[in-house]
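Residue numbers begin at 1 in each chain, while the letters A, B, ... track the order of the sequences.
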Amino acid sequence: MPELPEVEVVRAGLAAHVTGRTVSTVEVRHPRAIRRHIAGERDFAGRLAGRVLAAARRRGKYLWLELDGCAPAEAVLSHLGMSGQLRIQPPDAPDESHLRVRLRFADAASELRFVDQRTFGGLSVEDLVPVDGALLPRPVAHIARDPLDPLFDVEAVVTAMRVRRTGLKRALLDQTLVSGIGNIYADEALWRARLHWARPTAELRRSQARAVLTAAAEVMAEALAAGGTSFDALYVNINGRSGYFDRSLAVYGRDGLPCPRCGAAVRRDSFTNRSSYTCPRCQPRPRRPHP
DNA sequence: GTTCGCACCTGAGCGC
DNA sequence: TGCGCTCAGGTGCGAA
């Protein structure tokens with residue numbers, strides 16, 4: 001699944017290969033892919049045609065391409081959801097089976113395709129609004145900075161986290177508190193910090209909260225460094241298979257396998273209709289877990 | 001105001 | 001072979 005490192009790889013690819021290019025036409029192949037663009041398909045296509053893609057930006061798992069020469073400032077916003085890909089393809093390349101949106105460019109050198117099997121992701125054109133010194137698409141205004149953001153304030157997040165009355169993993173997945181962390185990196189960060197996912201945030205020491213946030217930054221930076229090598233000129237990569245399995249995951253998806261640190265069998269728990277993986281020895285369950 | 005649970009969605013894997 | 005069920009999980013929204 002695309003999490004922060006994968007989205008950053010895509011952003012860098014788009015910055016290199018589509019910025020400065022003029023959109024000629026837009027083809028929406030599946031309406032659900034632009035469901036967040038309330039005005040509909042024709043408006044979506046009309047607002048992009050003839051526009052220059054000026055810059056590729058990201059916050060957390062949201063990605064957007066700023067549009068040149070408009071007031072108020074606008075951008076085409078993308079979230080990859082669970083299975084989304086943004087691909088740069090030659091115009092004569094066969095359509096992918098889950099191709100949802102196609103952007104053609106005036107130079108006709110290549111086209112940008114939004115491919116999404118499960119259609120949890122999508123595109124929309126949004127106004128940019130000033131938030132905390134940054135210019136963000138309106139639906140992203142509530143998203144916190146991510147641990148790789150140079151302006152990420154770890155001490156402020158530690159304070160905010162300890163005010164919450166919830167479990168630690170739930171807090172890590174709350175994009176309004178800290179963005180970019182999904183189920184995989186949450187489990188990996190918790191393992192590195194030796195903390196159980198059910199620890200009540202209100203009972204964490206500052207050093208523990210700081211440790212798990214630092215671990216999240218480390219594991220995502222390592223994944224980004226690894227993922228950055230799979231990019232080439234014709235493929236803006238969110239390739240779940242190659243990017244995903246190349247990572248060195250300590251616990252995620254390793255139910256029953258030995259913990260790389262102590263050798264105890266990794267355990268899978270149910271967590272809000274999904275899974276959490278922990279080492280029962282390195283990450284002991286708290287005496288009073290958050291329910 | 002804060003926290004939680006569920007729907008959304010498709011394909012792989014599995015048991016029968 | 002085919003059917004039905006479970007699982008995967010980020011986000012937004014309504015309920016508590």
Side-chain angles (χ1 to χ4, degrees), chain A residues 1-8 10 29-38 58-64 77-86 96-101 114-124 126 136-144 146-147 157 159-190 197-204 216 220 223 238-241 243-245 247 249 251-256 266-277 288-291:
Chain A
M1 315 304 162
E3 295 191 32
L4 187 151
E6 291 78 7
V7 178
E8 174 55 25
V10 174
R29 302 283 298 267
H30 194 304
R32 186 173 153 79
I34 61 152
R35 65 193 178 283
R36 293 189 181 93
H37 189 90
I38 305 301
R58 180 188 60 77
R59 173 162 289 195
K61 295 173 232 176
Y62 285 90
L63 173 67
W64 63 94
L77 175 65
S78 163
H79 195 292
L80 300 175
M82 304 292 296
S83 55
Q85 301 177 349
L86 282 164
E96 294 82 355
S97 56
H98 299 102
L99 174 62
R100 307 306 190 191
V101 180
F114 179 68
V115 178
D116 191 7
Q117 178 198 105
R118 290 158 77 176
T119 64
F120 275 46
L123 306 177
S124 58
E126 306 287 350
L136 303 177
R138 199 176 296 278
V140 183
H142 66 293
I143 301 296
D146 61 68
V157 176
T159 300
M161 182 180 282
R162 295 172 75 238
V163 169
R164 300 287 176 100
R165 294 292 180 272
T166 190
L168 178 53
K169 182 167 177 180
R170 197 181 283 276
L172 291 174
L173 296 178
D174 183 345
Q175 305 295 300
T176 67
L177 183 66
V178 52
S179 70
I181 302 175
N183 200 42
I184 299 166
Y185 293 115
D187 280 1
E188 293 298 306
L190 288 164
W197 56 267
R199 288 285 294 264
T201 52
E203 297 176 11
L204 283 178
M220 290 195 291
I238 277 293
N239 182 332
R241 195 163 292 274
Y244 208 67
F245 293 115
R247 293 182 204 138
L249 299 176
V251 286
Y252 183 84
R254 292 173 50 83
D255 188 20
V266 169
R267 168 182 167 154
R268 174 186 176 275
D269 293 314
S270 285
F271 167 79
T272 64
N273 289 331
R274 51 205 62 178
S275 298
S276 253
Y277 296 90
R288 289 180 297 167
H290 186 82

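For C/dT11, one of the phosphate oxygens OP1 or OP2 lies less than 4.0 angstrom from a side-chain nitrogen or oxygen of A/H79. For the OP1/OP2 pair of C/dG12 and a distance below 4.0 Å, the side-chain nitrogens and oxygens of A/Y62 include at least one atom meeting the criterion. One finds a side-chain N or O of A/H98 lying less than 4.0 angstrom from the OP1 or OP2 phosphate oxygen of B/dG11. Put simply, A/S275 has a side-chain N or O that comes within less than 4.0 Å of OP1 or OP2 on C/dA8. Remark: A/T166 is in phosphate contact with B/dC4, judged by side-chain N or O atoms under 4.0 Å from OP1 or OP2.
For the pair A/D174 and A/T166, the minimum side-chain heavy-atom distance is 4.5 Å or more. Annotation: side chain of A/Q85 is not in contact with side chain of A/L80 (no heavy-atom distance under 4.5 Å).
In this structure, the CG atom of A/D269 is 12 Å from the P atom of C/dA8, given to the nearest Å. One interatomic measurement links the two molecules: CG of A/L172 to P of C/dT11, which rounds to 14 Å at whole-angstrom precision. For the pair A/N183 CG and C/dC7 C1', the computed distance is 13 Å after rounding to whole Å. A/F271 has its CZ atom 11 Å from the C1' atom of B/dC4, to the nearest Å. We find that CG of A/L173 is positioned 9 Å from P of C/dT11, with the value rounded to whole Å. Between A/D116 atom CG and B/dT10 atom C1' the separation is 10 Å, expressed in whole Å. Regarding A/D255, its CG atom lies at a distance of 13 Å from the P atom of C/dC7, rounded to whole Å. Put simply, NE2 on A/H142 is 8 Å from P on C/dT11, counting in whole angstrom units.
Remark: A/S270 pairs with no residue by the side-chain hydrogen bond (donor to acceptor under 3.5 Å, both in side chains) rule, at least two apart or across chains. Listed by chain and number, the residues in a ring-ring contact (aromatic ring centres under 6.0 Å, His included) with A/Y277 are A/Y252 (sequence neighbours excluded). Every residue two or more places apart in sequence or in another chain was checked for a salt bridge (Lys or Arg N to Asp or Glu O under 4.0 Å) with A/R100, and none qualifies.
Within the nucleic acid shown, A/R268 comes within 4.0 Å of sugar-phosphate atoms alone, with no base atom in reach, counting heavy atoms only.
For A/R32, the CZ atom sits in a packed shell: over 12 heavy atoms of surrounding residues, nucleotides or ligands are nearer than 6.0 Å.
When the C1' atoms of four end pairs are superposed on the next four at each end of the helix from B/dT2-C/dA16 to B/dC16-C/dG2, using five pairs per end, the two resulting axes differ in direction by 50°, to 10°.
Rounded to the nearest 0.5 angstrom, A/H79 NE2 and A/I143 CD1 are separated by 7.5 Å. Remark: A/S179 OG to A/L4 CG distance equals 6.5 Å, nearest 0.5 Å. Distance check: A/T201 OG1 to A/K169 NZ gives 15.5 Å after rounding to the nearest 0.5 Å. The line from CG of A/L77 to CZ of A/R36 is 8.5 Å long, rounded to the nearest 0.5 Å. Rounding to the nearest 0.5 angstrom, the gap separating the CZ atom in A/F271 from the CG atom in A/L173 is 5.5 Å.
Of the residues listed (A/R59, A/R58, A/K61), the one engaging A/D146 in a salt bridge (charged side-chain N to carboxylate O under 4.0 Å, His left out) is A/R58, and it is the only one.
Annotation: proximity of residues 197-204 of chain A to DNA chain B (heavy atom, distance under 4.0 Å) is found for no residue.
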Which atoms of nucleotides 5-9 of chain B (N or O only) lie under 3.5 Å from a protein N or O atom, and what are those distances?
residue	atom	partner	partner atom	Å
B/dG5	OP2	A/R170	NH2	3.2
B/dC8	O3'	A/R32	NH1	3.4

